[in-house]
Amino acid sequence: MTPIHSQRKRVLSGMRSTGKLHLGNYVGALQNWVGMQDQYECYFFIADWHALTTDYADTSQVKQNSVEVCLDWLAAGLDPERSVIFIQSHVPQHAELHLLLSMITPLGWLERVPTYKEQRENIAEKDLGTYGFLGYPVLQSADILIYKGDFVPVGEDQVAHVELTREIARRFNQFYKLRSKEVFPEPQALKTKAAKLPGTDGRKMSKSYGNTILLTDAEPVVRQKLKTMVTDPARVRRTDPGNPDVCPVGDLHKIFSDTETNAKVDVGCRSAGIGCIECKSWAADSLVRILSPMQERRKKYEQNPRLAWDILEAGSERARKVASATMNEVRDAMKMSLEFEAPGSAQGAK
Ligand code: TRP
Ligand code: SF4
């Protein structure tokens, strides 16, 4: 294992354990993470406790889902030699810090988080009126602060959570100091320049819409999914000209195809010189070109599933070391260290 250079800024991010990942997860986060590994000291974890905030009633898939996410990460190019890759629930210190941060977090801050109301209303089939769901952003703050992350690469929807993390860090630092120094640096969100990736029905690609292309989809599956993909509704007949700027397949080309192909699509679509079937087959070519090296890399882990688990265990071990060092500081700052103190000798400024 290459030693981690402490001069490098630390990046930390997590993903809920939702099972197999799709292209939207890739362009929205994973691709970006893969590219950060040389420049930063990276911690990437599978947020299985966060998955419980909505899926608490049936936990039978949680562990398997974590492994699936890990396989997709490794396939996409996250490298355990360079990054610490682990499972949140294997580092119990996250829960300990979450508890302490929950003591100092005003309820109003949590009720104001935009995703809170939104999701409670949108996910009507589950009862999200739980303590854990309200506290989701506090757990996320603990995840970030326990590694003293400098940067947190996230999508637009998570920026408010990183903002809240900064506020919680500030509040902690105001209450408690360690040898008159602040314990937690304020992390900064690195917003992913997310190209909006449409799914096969033209809406945003999302597991809940059933419109995804998975990183594990084999070539025939990709081609079949592309065939069913919606196109510019103005192009009813082959002879009708279309507009790639309002076509989901056009969006795929912009994200995944080279400039030459994009030029062919643009001219051909607008002049009705090409048909949608042909255009879609080019889009499928581009997707296959991205996916096949991932699927190739994945084989090694699929043949020996133990490998991925070993990586997660080793990563969790490294993460626990860092996390427990932070917790020692937290305990010290809060005057609740594990060291013996004679009764009555209230600890002064240490
Ligand atoms: N809430 C994030 C999401 O749903 C996942 C997450 C959990 C996370 N803890 C984190 C992201 C810490 C960044 C940092 O995508
Ligand atoms: Fe969309 Fe391509 Fe058909 Fe144009 S030719 S409408 S870009 S699928």
Side-chain angles (χ1 to χ4, degrees), residues 10-18 21 24-25 28-30 32-33 42-54 69 86-89 91 94 97-98 113 115-116 119 133 135-147 149 151-165 187-192 194 198 200 202 206-207 226-254 257 261-284 286:
R10 189 173 285 178
V11 154
L12 170 131
S13 199
M15 215 182 263
R16 293 165 52 122
S17 42
T18 48
L21 300 180
N25 302 126
L30 198 44
N32 191 29
W33 295 4
C42 293
Y43 286 73
F44 297 119
F45 68 94
I46 298 157
D48 57 345
W49 277 337
H50 276 90
L52 294 187
T53 58
T54 51
V69 169
F86 63 101
I87 299 187
Q88 181 186 34
S89 72
V91 188
H94 289 226
L97 185 57
H98 168 247
V113 171
T115 44
Y116 177 66
Q119 294 219 37
F133 187 69
Y136 183 115
V138 184
L139 181 55
Q140 184 160 349
S141 300
D143 297 337
I144 298 168
L145 295 177
I146 206 159
Y147 301 102
F151 297 114
V152 188
V154 285
E156 179 72 53
D157 62 318
Q158 297 291 317
V159 173
H161 292 163
V162 180
E163 267 318 304
L164 184 77
T165 304
Q188 221 180 305
L190 282 186
K191 204 161 42 157
T192 313
T200 50
S206 160
K207 194 183 177 191
L226 256 285
K227 278 191 189 131
T228 67
M229 189 146 180
V230 300
T231 57
D232 175 1
R235 260 205 109 174
V236 184
R237 277 162 307 219
R238 169 69 177 78
T239 48
D240 296 332
N243 177 359
D245 294 338
V246 300
C247 172
V249 179
D251 289 337
L252 288 190
H253 276 298
K254 289 189 192 94
S257 297
T261 309
N262 271 292
K264 275 199 308 190
V265 168
D266 201 74
V267 173
C269 179
R270 290 177 199 276
S271 64
I274 58 167
C276 290
I277 294 175
E278 192 177 9
C279 180
K280 285 174 163 186
S281 78
W282 298 340
S286 299

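In listed order, ligands and their atoms are each counted from 1.
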Asker: Against heavy atoms of Ile144, which atoms of ligand 1 measure under 4.0 Å?
Answerer: 12 (C), 14 (C)

Asker: Any N/O/S of Cys269 under 2.8 Å from atom 2 (Fe) of ligand 2?
Answerer: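 No N, O or S atom of Cys269 is closer than 2.8 Å to atom 2 (Fe) of ligand 2, so no.
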
Asker: Could you check atom 9 (N) of ligand 1 against the protein and tell me its nearest heavy-atom contact, residue, atom and distance included?
Answerer: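 The answer is Asp143 OD2, 2.7 Å.
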
Asker: Quiz question: by atom type and distance under 3.5 Å, do the side chains of Ser89 and Asp48 form a donor-acceptor pair?
Answerer: yes

Asker: Taking the side chain as C-beta and beyond, is there a heavy-atom pair between Val249 and Cys279 under 4.5 Å?
Answerer: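 Heavy-atom side-chain distance check passes, below 4.5 Å.
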
Asker: Under 4.0 angstrom from ligand 2, any heavy atom of Gly242?
Answerer: no

Asker: If you measure only the distance, is there a donor-acceptor pair under 3.5 Å linking the side chains of His253 and Asn262?
Answerer: no

Asker: Closest non-hydrogen protein atom to atom 8 (C) of ligand 1, residue and atom name please, with distance?
Answerer: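 Protein heavy atom with the smallest distance to atom 8 (C) of ligand 1: Gln140 NE2, 3.5 Å.
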
Asker: Looking only at protein heavy atoms, which one is nearest to atom 3 (Fe) of ligand 2, and what is the separation?
Answerer: Cys276 SG, 2.3 Å

Asker: When you compare the side chain of Val265 with that of Lys254, does any pair of heavy atoms fall below 4.5 Å?
Answerer: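 A side-chain contact is absent here, since even the closest heavy-atom pair is not under 4.5 Å.
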
Asker: In the structure I gave you, are the side-chain heavy atoms of Ser13 and Trp33 within less than 4.5 Å of one another anywhere?
Answerer: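 They are in contact (side-chain heavy atoms under 4.5 Å apart), so the answer is yes.
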
Asker: Please could you name the atoms of ligand 1 that Val152 approaches to less than 4.0 Å, counting only its heavy atoms?
Answerer: 13 (C), 14 (C)

Asker: Just to confirm my output: which protein heavy-atom neighbour is closest to atom 5 (C) of ligand 1, and how far is it?
Answerer: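 In this structure, atom 5 (C) of ligand 1 has Gly14 O, 3.7 Å as its nearest protein heavy atom.
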
Asker: Look only at interatomic distance and state if Tyr136 has a nitrogen or oxygen under 3.5 Å from any nitrogen or oxygen of ligand 1.
Answerer: yes

Asker: Measure the distance from atom 5 (S) of ligand 2 to every protein heavy atom, then report the residue, atom name and distance (to 0.1 Å) of the closest one.
Answerer: Arg235 NH1, 3.1 Å

Asker: For atom 2 (Fe) of ligand 2, find the nearest protein heavy atom and state the residue, atom name and distance (0.1 Å precision).
Answerer: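 The closest heavy atom on the protein side is Cys279 SG, 2.4 Å.
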
Asker: Give yes or no for whether the N/O distance cutoff of 3.5 Å, strictly under, is met between Arg16 and ligand 1.
Answerer: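 So ligand 1 has no N or O lying under 3.5 Å from an N or O of Arg16.
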
Asker: A quick test of your reading: do over 12 heavy atoms of other residues, nucleotides or ligands sit less than 6.0 Å from CZ of Arg238?
Answerer: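 Yes - once you tally the heavy atoms of other residues, nucleotides and ligands closer than 6.0 Å, there are more than 12.
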
Asker: Are the side chains of Lys280 and Leu252 in contact, using a 4.5 Å heavy-atom criterion?
Answerer: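 A side-chain contact under 4.5 Å is absent here.
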
Asker: For ligand 1, does Leu139 get within less than 4.0 Å through its side chain, its backbone, both, or neither, judged by non-hydrogen atoms?
Answerer: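 No part of Leu139 comes within reach of ligand 1.
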
Asker: Taking heavy atoms and a distance under 4.0 Å, where does Cys247 meet ligand 2: side chain, backbone, both or neither?
Answerer: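 The answer is the side chain.
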
Asker: What is the closest protein heavy atom to atom 3 (C) of ligand 1, and at what distance does it sit?
Answerer: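 For this ligand atom, the closest protein heavy atom is Gln158 NE2, 3.3 Å.
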
Asker: If every non-hydrogen atom of Pro153 is compared with every non-hydrogen atom of Val11, which pair is closest and at what distance?
Answerer: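 It is CD-CG1, 3.6 Å.
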
Asker: Report the relative orientation of the aromatic rings in His161 and Tyr136; use parallel for angles under 30°, tilted for 30 to 60°, perpendicular for over 60°.
Answerer: tilted

Asker: Does ligand 1 have a heavy atom under 4.0 Å from the side chain of Val162, from its backbone, from both, or from neither?
Answerer: neither

